[in-house]
Amino acid sequence: MESKSEPNEWSSGVWAHLTAARQRSPLVQCITNFVSMDLVANTLLSAGASPAMVHSVVEIPDFTPHIHALCVNIGTLTPDWLPSMKAAAEIASKLGKPWVLDPAAVSCSGFRLKSCLELVELKPTVIKGNGSEIIALSSASPGQTKGADSSHESTDAIEAAKSLALSSGAVVAVSGAVDIVTDGKQVIGVHNGTKMMQKITATGCSLAGLVAAFLAIDQSRPLEATVSAMSVFGIAGELGEAMAKGPGSLRMHLIDSLYGLDETTVLSRVNITRFG
């Protein structure tokens with residue numbers, strides 16, 4: 001069951017989060033994949049944050065203590081990178097810094113699933129994935145998958161997301177036609193976005209980075225910060241699609257639209273509902 005929220009219930013908070021990110025420019029360490037590094041970094045810069053693509057295990061003890069948030073994405077996972085991910089997550093958790101886990105294509109192999117389960121033990125603040133990824137991670141078992149693409153709708157994963165949130169202590173975000181965000185009790189639907197965004201690689205990775213940036217400026221309210229990040233990214237996609245001729249130009253216009261978002265646009269376009 002879904003109910004329409006009052007626009008002002010969420011819209012002013014979404015704008016406040018974006019404004020704070022622009023003003024405070026949080027430093028977000030991204031241990032992400034080769035495919036997504038460029039778009040993740042540019043998304044964060046466009047939103048006012050400061051990205052750092054630091055993934056060497058040698059640098060992490062010196063660098064990670066100074067960050068405001070961490071984003072870990074396993075998209076091109078290798079045995080060499082896993083120690084870096086774990087070391088950064090351990091430091092973030094120990095120092096009380098928020099961090100996001102993006103279990104990209106978690107069900108592709110036993111190595112990925114085992115690695116993600118080990119990372120979940122390090123207490124991510126938010127776990128963000130598509131429907132298939134969240135279902136696989138929640139059940140701790142591989143499933144049918146097509147690389148990083150989802151074979152499930154986000155709404156198919158609501159119960160799995162709630163279960164994973166309760167077992168892990170993380171807020172769980174499920175990307176899809178309607179983005180789902182839950183802390184295990186509340187279930188929020190974010191209806192902003194456009195289908196063409198799925199035709200650009202690394203949009204999901206970039207969203208995870210933006211969630212980390214918003215967590216950095218509102219650490220005490222991870223569900224609200226996550227909802228705001230997903231709405232902002234979706235609004236930028238809607239505006240970008242209106243100017244785009246296809247996925248290639250959407251990528252450019254997405255970044256431009258995120259950079260240029262103003263209060264009137266955000267307040268009028270936020271589309272967030274509660275399930276329950």
Side-chain angles (χ1 to χ4, degrees), residues 1-18 43 47 100-103 124-138 149-198 203-215 218 221-241 254 257-258 261 265-276:
M1 180 180 167
E2 186 180 7
S3 62
K4 179 71 176 176
S5 294
E6 289 297 320
N8 289 338
E9 180 183 351
W10 291 99
S11 56
S12 58
V14 173
W15 174 246
H17 281 127
L18 178 58
T43 295
V100 178
L101 172 63
D102 190 336
T125 313
V126 172
I127 300 170
K128 188 220 73 75
N130 63 36
S132 294
E133 291 162 352
I134 296 304
I135 289 169
L137 193 56
S138 178
D149 295 336
S150 181
S151 55
H152 297 87
E153 296 294 335
S154 57
T155 48
D156 296 336
I158 289 177
E159 292 307 315
K162 289 169 67 176
S163 176
L164 180 58
L166 292 172
S167 65
S168 67
V171 167
V172 176
V174 191
S175 57
V178 178
D179 296 325
I180 302 296
V181 184
T182 182
D183 57 6
K185 298 175 183 177
Q186 298 184 75
V187 180
I188 310 300
V190 181
H191 300 258
N192 293 112
T194 170
K195 194 169 184 179
M196 196 191 295
M197 293 171 75
Q198 298 173 10
T203 51
C205 311
S206 301
L207 176 56
L210 191 62
V211 169
F214 278 34
L215 288 173
D218 195 358
R221 300 191 306 155
L223 182 136
E224 290 82 358
T226 302
V227 167
S228 289
M230 299 185 97
S231 182
V232 162
F233 195 68
I235 291 169
E238 293 168 2
L239 296 171
E241 186 182 52
L254 170 65
S257 296
L258 180 57
L261 279 179
T265 303
V266 171
L267 295 183
S268 65
R269 283 185 170 266
V270 166
N271 188 1
I272 296 168
T273 61
R274 292 182 182 273
F275 287 75

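Source: prediction; values computed, not measured.
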Work out which heavy atom in [X] is nearest to a heavy atom in [Y]; give both atom names and the distance.
X	Y	value
F214	L18	CZ-CA, 3.8 Å
G189	F275	CA-CE1, 3.5 Å
S154	A177	OG-N, 4.3 Å
K128	I134	C-CD1, 4.5 Å
L101	P124	CB-CB, 4.1 Å
L210	A229	CD2-O, 3.5 Å

For [X] and [Y], indicate whether the former's side chain and the latter's backbone hold a donor-acceptor pair under 3.5 Å.
X	Y	answer
D218	L215	no
T226	P222	yes
T203	M197	yes
T182	Q186	yes
S228	A225	no

Which value, rounded to the nearest 0.5 Å, describes the distance between [X] atom [atom1] and [Y] atom [atom2]?
X	Y	atom1	atom2	answer
T43	L207	OG1	CG	9.0 Å
L254	M196	CG	CE	11.5 Å
S257	F233	OG	CZ	11.0 Å
I180	I158	CD1	CD1	4.5 Å

For residues 164-174, please give each side-chain donor-acceptor pair under 3.5 Å, one per line with the distance, not counting sequence neighbours.
unit_1: S167; atom_1: OG; unit_2: S163; atom_2: O; d: 3.2
unit_1: S167; atom_1: OG; unit_2: L164; atom_2: O; d: 3.2
unit_1: S168; atom_1: OG; unit_2: L164; atom_2: O; d: 2.6
unit_1: S168; atom_1: OG; unit_2: A170; atom_2: N; d: 3.1

Is there a side-chain contact between [X] and [Y] (heavy atoms, below 4.5 Å)?
X	Y	answer
K162	K185	no
S11	V266	no
V190	T273	no
W10	I188	yes

CA sep, side-chain torsions, deciding dist, call: H191, M230, side chain to side chain contact (heavy atoms under 4.5 Å, CB included) | CA-CA 9 Å; H191 300 258; M230 299 185 97; over 6 Å; no
Requested in this report: List the steps and the verdict of side chain to side chain contact (heavy atoms under 4.5 Å, CB included) for N130 and E133.
Outcome: CA-CA 5 Å; N130 63 36; E133 291 162 352; 3.2 Å; yes
Note to self: Could you check whether R274 pairs with E9 (Lys NZ or Arg NE/NH1/NH2 to Asp/Glu carboxylate O, under 4.0 Å)?
What the structure shows: yes
Please list every donor-acceptor pair under 3.5 Å in which a side-chain atom of residues 234-241 meets a protein atom from a residue at least two apart or in another chain.
unit_1: E238; atom_1: OE1; unit_2: R269; atom_2: NH1; d: 3.1
unit_1: E238; atom_1: OE2; unit_2: N192; atom_2: ND2; d: 3.2
unit_1: E238; atom_1: OE2; unit_2: G193; atom_2: N; d: 2.9
unit_1: E241; atom_1: OE1; unit_2: T194; atom_2: OG1; d: 2.7
unit_1: E241; atom_1: OE2; unit_2: T194; atom_2: OG1; d: 2.6

